[in-house]
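Per chain, numbering begins at 1; letters A, B, ... match sequence-line order.
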Amino acid sequence: MNLFSIFLGRVHAAIHDIAGDRADAIALHLSRVVVEPPRDASHGDMATNAAMVLAKEFGAKPRDLAEALAAKLREDPDVAAVEIAGPGFINLRLREAVWIDALASMLGAGPEFGRSQIGQNRATNVEYVSANPTGPMHVGHCRGAVFGDALANLLQFAGYDVTREYYVNDAGAQVDVLARSVYLRYREALGEDIGAIPEGLYPGDYLSPVGKALADLYGDTLLKKSEAEWLPMVRAAAIEEMLAVIKDDLAALDIRHDVFFSEASLQGQGGAVDTTLDQLRKAGLVYEGRLPPPKGQLPEDWEDREQTLFKTEQFGDDTDRPLVKSDCSYTYFASDVAYMKDKIGRGFEELIFVLGADHGGYVKRLEAVAAALSGGKAHVDVKLVQLVRLFRAGEPVKMSKRAGDFVTLREVVDEVGRDAVRFMMLFRKNDAVLDFDFAKVVEQSRENPVFYVQYAYARTQSVLRNAAESLGGDVGGPASADALARLSDAGEIGLIRKLAEFPRIVESAAQAHEPHRIAFYLHELASDLHHHWNRGNDNPGLRFVVADDPQATNGRLALVRGVALVLSTGLRLLGVAAPAEMR
RNA sequence: GGCCCCGUAGCUCAGCUGGAUAGAGCAGCAGCCUUCUAAGCUGUUGGUCGCAGGUUCGAGUCCUGCCGGGGUCGCCA
């Protein structure tokens with residue numbers, strides 16, 4: 001139930017009523033007509049731009065058209081007043097009963113309030129995290145992980161058919177380096193003194209247990225084998241272990257993927273990469289050619305040579321992209337093409353990629369590949385997630401990648417908790433750099449948005465507990481129509497109005513792929529609740545629990561339950577807990 | 001040098017895909033206050049939306065060109 005779309009329907013009807021034989025021409029422009037809350041609450045409850053958008057088609061001045069539409073809308077029994085303002089806005093003021101009904105109906109919907117069908121079950125793939133299986137996750141992965149997970153929740157709630165996917169880079173040079181690093185630990189586990197870890201191998205001691213496990217399993221038999229023999233065995237074991245570590249890290253953030261897709265599974269003789277490239281060759285999209293060197297500074301090892309290229313440029317990429325390396329193996333990009341083909345083959349229409357901002361150069365080629373492979377059917381959206389800067393009480397946390405002393409995701413979660421991490425990662429637009437302060441995010445203060453929002457929910461529960469105590473157990477049931485009708489204070493109606501916005505926030509956030517809008521909305525709702533609460537300090541008549549007036553109390557408790565409902569649903573979408581009390 | 005992202009109050013950021021007089025929190029200023037268990041509260045100052053053009057009824061939002069900051073730039077993943 002979205003009040004704004006309901007009234008959009010009524011505005012459409014009013015337009016249709018006065019359109020006459022222009023109806024067909026006007027229908028084409030209807031999508032630009034919106035009904036939204038006005039920026040300034042004094043303008044009314046809802047505003048529509050219909051008259052300004054359609055003035056040309058009607059051959060009328062915006063304000064004249066607005067007048068005609070207003071006359072129609074005034075016939076609506078739910079509308080208390082219609083005003084025309086500015087260049088031709090139509091402002092609607094709704095009868096109070098509409099808000100009361102809205103509250104009753106959202107309480108009836110319960111946890112389903114806000115759910116939408118705009119996704120129309122579109123098959124949607126959200127790929128996120130996809131960290132190389134070479135070690136535990138560090139903070140750099142954290143933001144994309146939370147973002148992708150919350151976005152997936154949001155899209156599901158908005159009616160998309162969502163698959164959460166992780167692309168495992170288990171082919172290529174990196175996992176060979178991993179295998180060699182583990183092999184060293186294996187020798188160490190057998191009692192050998194391996195000394196310092198050589199440059200170019202992974203130094204982290206998280207690999208020691210893997211080496212130990214191999215020693216337990218194989219004894220010293222691997223020592224006698226050549227690298228060509230032991231490497232695949234060690235590699236497979238190492239990848240499996242690292243993936244288990246990563247899944248464990250993700251679970252600490254309450255993140256679980258549906259599909260872990262192996263890059264290696266695409267490769268090999270007659271594999272998906274082979275067949276995909278064959279198809280592209282047949283389609284004339286692959287050729288042997290030379291690439292112009294990059295503009296500006298020429299890389300030192302630049303060598304002008306002929307290579308196998310995919311014609312991505314004609315699909316919007318900056319240049320064509322190589323598919324085969326100089327050693328005749330496939331490039332990472334070739335796997336990517338086959339992987340994209342696989343996703344499209346599985347029927348996905350919406351392909352969302354959550355990547356770090358340093359992958360910005362990858363956007364155009366992904367879009368081009370999807371366009372080339374799906375004939376423009378599959379829609380790609382790459383969400384770039386900016387970096388997180390860590391602070392400890394205002395001081396930047398120093399990290400050196402070379403020395404391997406990066407902060408792990410697990411350390412952050414263990415220190416401040418899952419809720420703080422998740423909420424803060426979402427309390428900023430994805431493409432803006434985010435400052436994360438260990439001290440601030442656990443502070444119990446107004447300046448800490450995690451606490452501020454969770455505390456608002458705890459406050460609703462505290463009120464309900466309190467009311468149950470002072471009024472007896474009879475406050476849990478649904479409020480009667482008479483009780484609801486007692487809601488009339490501007491602050492109370494204002495809160496309902498805010499609650500009624502939730503469904504359209506869900507829809508717009510889902511369509512824009514911007515979960516942060518939910519976080520900001522919740523922060524506003526929390527703020528409205530706290531403000532209304534504070535008014536009760538000066539004016540006891542506005543408090544939720546009115547000792548000698550059970551009917552008014554019942555109505556107000558329904559409002560409290562409505563706020564609690566939306567806060568908990570919103571927090572659920574973000575993957576953040578809604579605690580009943582905070583002490 | 002090419003491409004991508006960012007630039008909004010002193011600071012940190014929103015701005016609902018083009019709407020009305022651009023918002024919030026912090027800081028500042030001025031008051032009030034000891035709680036329906038809870039973060040003290042209320043009011044208020046503060047803006048050439050980086051700059052210059054353009055598109056139209058209307059631009060922080062879209063287009064072009066500059067300025068500043070970050071990222072990225074054949075075969076690494």
Side-chain angles (χ1 to χ4, degrees), chain A residues 32 34 36-40 43 47 49 52-53 55-56 61-62 85-89 91 130 132 134 169 171-175 263 290-297 299 301-305 307-309 318-333 335-336 356-364 384 386-387 427-429 431-433 435 443-449 451-452 455-456 458-459 462-463 465-467 470 501 504-505 507-509 511-512 514 516-517 520-521 523-524 526-527 530-531 533-538 540 542-547 581-583:
Chain A
R32 284 157 59 210
V34 297
E36 54 187 6
R39 192 172 286 176
D40 187 338
H43 290 143
N49 60 353
M52 291 175 293
V53 169
K56 205 173 275 174
K61 286 183 196 155
F89 285 100
N91 292 327
S130 297
N132 290 334
T134 53
N169 298 128
Q174 298 240 3
V175 283
E263 180 191 358
R290 287 169 196 276
L291 231 38
K295 298 266 161 58
Q297 264 192 336
D301 57 348
W302 175 265
E303 148 193 19
D304 187 26
R305 66 176 188 87
Q307 47 189 348
T308 308
L309 299 165
D318 297 319
T319 178
D320 293 337
R321 302 287 172 184
L323 293 162
V324 180
K325 289 195 260 187
S326 52
D327 66 357
C328 292
S329 64
Y330 286 126
T331 61
Y332 181 83
F333 175 67
S335 299
D336 246 23
D358 54 342
H359 287 67
Y362 225 70
V363 176
K364 283 187 187 177
L384 297 178
Q386 262 294 356
L387 66 140
F427 200 59
R428 192 113 310 173
K429 224 169 9 185
D431 50 15
V433 177
D435 292 346
E443 215 171 75
Q444 299 219 341
S445 80
R446 181 186 185 131
E447 282 86 72
N448 176 9
F451 175 76
Y452 193 67
Y455 173 60
R459 179 167 261 175
S462 152
V463 170
R465 277 195 306 272
N466 220 26
S470 59
E501 278 181 39
R504 62 185 296 279
I505 297 289
E507 290 184 355
S508 65
Q511 280 176 319
E514 291 186 350
H516 78 274
R517 293 189 197 185
F520 278 93
Y521 167 82
H523 192 256
E524 287 170 18
S527 170
H530 292 314
H531 280 125
W533 171 280
N534 286 323
R535 291 177 64 216
N537 283 336
D538 297 335
L542 289 176
R543 296 181 181 185
F544 292 121
V545 178
V546 190
E581 56 181 351
M582 301 181 81
R583 285 179 189 273

> Partners of A:Tyr455 by ring-ring contact (aromatic ring centres under 6.0 Å, His included), sequence neighbours excluded?
Replying inline: A:Phe451, A:His530
> So, is A:Asn49 close to the B:G18 phosphate, meaning a side-chain N or O under 4.0 Å from OP1 or OP2?
Replying inline: no
>> Under 4.0 Å, heavy atoms only, any strand: does A:Ala55 hit a base, just the sugar-phosphate, or nothing?
In response: nothing
> Looking for any heavy atom pair under 4.0 Å, which part of the strands does A:Ser462 touch: base, sugar-phosphate only, or nothing?
Replying inline: base
>> With a 4.0 Å limit, can you tell me whether A:His516 has a side-chain N or O closer than that to the phosphate oxygens OP1/OP2 of B:G15?
In response: yes
> Using the purine O4'-C1'-N9-C4 or pyrimidine O4'-C1'-N1-C2 torsion, is B:U8 syn (within 90° of 0) or anti?
Replying inline: anti
> To the nearest angstrom, how far is A:Tyr452 atom OH from B:A39 atom C1'?
Replying inline: 8 Å
>> Closest-nucleotide mapping onto RNA chain B: is A:Asp358 or A:His43 further toward the 5' terminus? I mean the 5' end.
In response: A:His43
> Do the side-chain N and O atoms of A:Glu263 and A:Ser335 include a donor-acceptor pair separated by under 3.5 angstrom?
Replying inline: yes
>> Should A:Tyr455 be counted as stacked on B:A39, where stacking needs a ring-centre gap under 5.5 Å and an angle between planes under 30 degrees?
In response: no
> Taking atom P of B:U37 as reference, at what distance in whole Å does atom CZ of A:Arg459 sit?
Replying inline: 10 Å
> Which of these nucleotides, B:C13, B:G19, B:U37, is closest to any side-chain atom of A:Arg428?
Replying inline: B:C13
> So, do A:Tyr332 and A:Asn169 sit near enough that their side-chain heavy atoms are less than 4.5 Å apart?
Replying inline: yes
Mind listing the N/O atom pairs, protein and nucleotides 40-42 of chain B, below 3.5 Å?
{"residue": "B:C41", "atom": "OP1", "partner": "A:Arg446", "partner atom": "NH1", "Å": "3.1"}

> With Watson-Crick and G-U wobble geometry limited to distances under 3.5 Å, how should the secondary structure of RNA chain B be encoded in dot-bracket form, using | for bases paired to another strand and [ ] for crossing pairs?
Replying inline: (((((((..((((.....[...)))).(((((.......))))).....(((((..]....))))))))))))....
> So what does A:Ala547 hit on the nucleic acid, given a heavy-atom distance under 4.0 Å: a base, only sugar-phosphate, or nothing?
Replying inline: nothing
> What interatomic distance, in whole Å, is found between C1' of B:A20 and the corresponding atom of B:A59?
Replying inline: 13 Å
>> Using a 4.0 Å heavy-atom cut-off, does A:Pro87 contact any base of the nucleic acid, only the sugar-phosphate backbone, or nothing at all?
In response: base
> Taking atom P in both B:G7 and B:G50, what distance in whole Å separates the two?
Replying inline: 7 Å
>> Which residues pass the side-chain contact (heavy atoms from CB on, under 4.5 Å) test with A:Val175, not counting sequence neighbours?
In response: A:Pro133, A:Arg235, A:Ile239
>> Under 4.0 Å, heavy atoms only, any strand: does A:Gln307 hit a base, just the sugar-phosphate, or nothing?
In response: base
>> Counting only side-chain nitrogens and oxygens, does A:Lys429 get under 4.0 Å of the OP1 or OP2 atom of B:G15?
In response: yes
> Is there a side-chain contact between A:Phe89 and A:His43, using heavy atoms and a 4.5 Å cut-off?
Replying inline: no
>> Taking A:Arg32's backbone N and O only, do any of them form a donor-acceptor pair with A:Asn49's side chain (distance below 3.5 Å, no angle check)?
In response: yes
> Given atom CZ of A:Arg321 and atom P of B:A77, what is their separation to the nearest angstrom?
Replying inline: 16 Å
> Mind checking what makes side-chain contact (heavy atoms from CB on, under 4.5 Å) contact with A:Glu36, not counting sequence neighbours?
Replying inline: A:Val34, A:Arg504
> What does A:Asp320 touch in the nucleic acid at a heavy-atom separation under 4.0 angstrom: a base, only the sugar-phosphate, or nothing?
Replying inline: nothing
>> If you define the side chain from C-beta out and look only at heavy atoms, does anything of A:Val463 sit under 4.5 Å from A:Trp533?
In response: yes
> Any side-chain N or O of A:Arg39 less than 4.0 Å from the OP1 or OP2 oxygen of B:A20?
Replying inline: yes
>> Going by the rule salt bridge (charged side-chain N to carboxylate O under 4.0 Å, His left out), which residues pair with A:Asp431 if we only count those two or more places apart in sequence or in a different chain?
In response: none
> Does A:Thr308 use its side chain to pair, donor to acceptor, with the backbone of A:Leu323 at less than 3.5 Å?
Replying inline: no
> For RNA chain B, whose closest nucleotide is more 5', that of A:Gly361 or that of A:Lys364?
Replying inline: A:Lys364
